[in-house]
Amino acid sequence: MKNGILIMFAVLLISVITFATASSQEDVSYIDTSSFGKTVRGMVPFEHDEHNDNAGLEDCNICHHVYEDGIFMEDESSEDQMCSECHDEDSSGDKPPLRTAFHKNCKGCHLESKAGPVMCGSCHEKN
Amino acid sequence: MNTLYQFVAGPLLWIAFALFIGGSLYKVINLILLTQKKEAYLFCFLSWKWSLRSILHWLTPFGPRNMKLHPAMTVVTFIFHICLLLTPVFLLSHLILLEESINISWWALPDQVADIMTLLIIGACIFFLVRRINSPEVRYVTSASDFVLLAIVAAPFVTGFWAYHQWAGYQPAMILHIVTGEIMLVAIPFTRLSHMLFAVFTRAYIGSEFGGVRHAKDW
Amino acid sequence: MADPAEKIEEKKAIPSDDNIVDEGLEKGAAALTEDKIASVINQVIDEETGARLKVYVDTCIHCGLCSEACHYYVSHDKDPQYSPVGKIKQTIWPMLKKKGRVSPEFIKKASQIASTQCNVCKRCAMYCPFGIDIAYMISIVRRICHKLGVTPLYLQDTANSHSVTMNQMWVKEDEWIDTLQWQEEDAREEIPSLRIPLEKEGADIMYSVIAPEPKFLAGLIYQAGIIMNTAGINWTMPATPGWDNSDMAMYSGDNEIMGRLKKSHFETAARLKVKKIVMGECGHAFRSVYDVGNRWLGWKMPPVEVVHAIEFYYDILKAGKIKIKKKYEKPVTLHDPCNVVRGRGLHEKARYVVNAICENFIEMHPNREHNYCCAAGGGVINCGPPFKMTRMTGNRVKADQIRTTGASVVISPCHNCHSGLEDIVHHYELGTEVKFISDILYEVMEKPE
């Protein structure tokens, strides 16, 4: 009985420490979802620089792309814009709607490069 | 895990759908052709009016006398079948995947509602299991295959519930969810789950017999 | 509270169906080999069934919801062996699963179950959520057993009689004519101008009966004569084979004999150029001409219109062709026979008739399509004395149903039901009288001077 309580405390302590250190890191950041009216799933943690280092991404427009008439513009990029400036929440023409755009941008690349999370719960935090 | 995911959510999924749709079409067409070949006379008794009369009565909760004799079973079986059909088809996560892969989507259930419906399905499966073991008249006609079928039906919902709540072992649960879902799809045309396809035909026939020939109710 | 020891004693006293010895089953099974069994089963399955049987077997989800439908199951304290699906499990499932390779002992048991523990009353078809016609599957089992020569002796003897004489009771042609003329003579004492017209070509109605009527229930022909003459019906009865509308071959699985019988019956009506056939108060005969036999012969509906006695009485009462002197006073209840209620929907007309001739009608519960079978029909009573107790222990629920009404008469517009209910009334000491509609109608109607 006593052992049980001790173990419980130990587990609790470890989780509190882990949680505290994790949230105390300055540059923890999430994907900006402010363009969505209301989100259904949990936030997606995303460390921009760490991700790009790990993935070896040099060009900004791999993610921050620009398309004109359905053609990818190799020399242009869009890091100064919000995704929602092009992608509406409702689908329009060739442009994927906002949610799909996010998913395709992340998951699509992860699937192609066979690296990075692809299942819903691997990105979205628990509700 | 990514490679595995890509396989079960990719080629395996398409194979499962192909077997489900192809198998179902094969089974139904085979039923019609075989009847045409060997028992064509059955068609001359089939009538839309009497078929629909029977089907609608048996879709009405507590319409038939037998449903009144088994109130618990009636309630559970209606909830089970309604949830079983609606939850996977109107689940947001499924629709998102569908939209991403073939750009088709439709109205989705709120996640909380789908969550409760999943629990109802799991509860109903437990009810069926207990009934199968406890009721002598059900136990007497039960074979191993009946438990396997029940497990096939319950598994995608248990694993789906697990994955949605992101409990320990999220990734394996997700893979299991996809695989068990695929098993269930394939099982529909090729096991006694085929009542999903055939019930409408058996009801239509007995309904037509009772309505058109026997001038009697069949409920 | 009953003492447990006493309870066991009581249980022992109930004769078990497992100990019944029937010579037809024994001798038939003794002559079988597994090869022969497999070849016959596969022949019947491959050549006489199709997608229907397959789908019925593949669709059944083993839910057991049909159980409650069966009087055998309910009467045996919910013994699952007697549930409809329980009987399918003991018969057709293993036959299909083992591709016909079952033992002679298995066939013997299967034949006993199919022929004596199921009345093919189709009540279970109304309880199965999928509408699986379980009685159809039992009929397939009977068909297989027939082809294997494993049919209960008395039932087979009846089929033999059909085969030889075209009637159920070995009634010879001259005996038949003689009986009709004897009844005519007797009835003329009551109505001097009465006729039972034989072989009258162009009559409106051919009246047909089952062979037990001339054999030992000739009074029913007398009553029919009185009713027909009073109502002023232009009718006739045939003097040739084809007069018997009954059909035990249908129940023994001997479809070929069934076909011959029905053909002869319909052809007799055609030869007499009648507009329709009216038949006496018999259920299985109606099933045979209206449902099974006609289809075997390739007729979607009977080639000559057939009218069951209930409907005929309804028509003549409604048209005022028969007047009621004074309604029958004793409290009566009505047994709905499966073959004319689940088989033809005559339940409301039966109630009209009963109310027209009786003062005090008490409903039995459940009733109409949901009435419990008599346990005699479907050829079971024709399996004879060895299986009498099968019917008695298998239908305690019917006794309870009748007892609860408190009626002193139970009306049964069907021969098999009538005989079966008489046995039940005696066995359970209910003290109820069992009557045909015509018994009462004859008693209460106004007759011409």
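Chain naming here is simple, since letters A, B, ... match the order of the sequence lines and numbering starts at 1 in each. Only a predicted model underlies this, so the values are computations on that prediction, with no experimental measurement involved.
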Hey, does the side chain of [X] reach the backbone of [Y] with a donor-acceptor pair shorter than 3.5 angstrom?
X: Asn371(C); Y: Asp336(C); value: yes
X: Ser54(B); Y: Ser51(B); value: no
X: Glu369(C); Y: Asp218(B); value: no

Under a 4.5 Å heavy-atom cutoff, which of [options] has the most pairs with chain C?
options: Leu149(B), Val200(B), Val141(B), Leu193(B); answer: Val141(B)
options: His195(B), Glu209(B), Arg192(B), Glu137(B); answer: Arg192(B)
options: Arg65(B), Lys38(B), Met73(B); answer: Arg65(B)

Taking side chain as everything from C-beta outward and backbone as N, CA, C, O, which of these in [X] sits under 4.5 Å from a heavy atom of chain C? Side chain, backbone, both or neither.
X: Leu31(B); answer: both
X: Arg139(B); answer: neither
X: Trp58(B); answer: side chain
X: Pro136(B); answer: both
X: Leu197(B); answer: neither
X: Tyr205(B); answer: side chain
X: Met196(B); answer: neither
X: Ser194(B); answer: side chain

Quick check on the interface: out of [options], who has the most heavy-atom pairs with chain B under 4.5 Å?
options: Gly86(C), Cys63(C), Ala125(C), Ser67(C); value: Cys63(C)
options: Lys122(C), Glu68(C), Arg295(C), His347(C); value: Arg295(C)
options: Val57(C), Val85(C), Asp79(C), Asp133(C); value: Val85(C)
options: Lys54(C), Lys89(C), Glu48(C), Arg368(C); value: Lys89(C)
options: Met301(C), Lys78(C), Gln81(C); value: Gln81(C)
options: Val341(C), Asp46(C), Ile132(C), Ile88(C); value: Asp46(C)

Anything under 30° is parallel, anything over 60° is perpendicular, the rest tilted; go ahead and classify [X] against [Y].
X: Tyr136(C); Y: Tyr56(C); result: perpendicular
X: Phe17(B); Y: Trp14(B); result: tilted
X: His215(B); Y: Tyr290(C); result: tilted

Exercise. Ring centres of Tyr372(C) and His71(C) under 6.0 Å apart?
Worked result: no
For this session: For residues Phe80(B) and Phe128(B), establish whether the separation of their ring centroids is below 6.0 Å.
Result: yes
Exercise. Tyr73(C) versus chain B, heavy atoms under 4.5 Å apart: side chain, backbone, both or neither?
Worked result: side chain
For this session: Could you check Lys109(C) against Gln90(C) for side chain to side chain contact (heavy atoms under 4.5 Å, CB included), going step by step and ending with a plain yes or no?
Result: CA-CA 8 Å; Lys109(C) 183 94 203 283; Gln90(C) 296 174 80; 3.5 Å; yes
For this session: State, without any angle test, whether His62(C) and Asp146(B) hold a side-chain donor-acceptor pair at a distance under 3.5 Å.
Result: yes
Exercise. With a 4.5 Å heavy-atom cut-off, do Val292(C) and Met258(C) have their side chains touching?
Worked result: yes
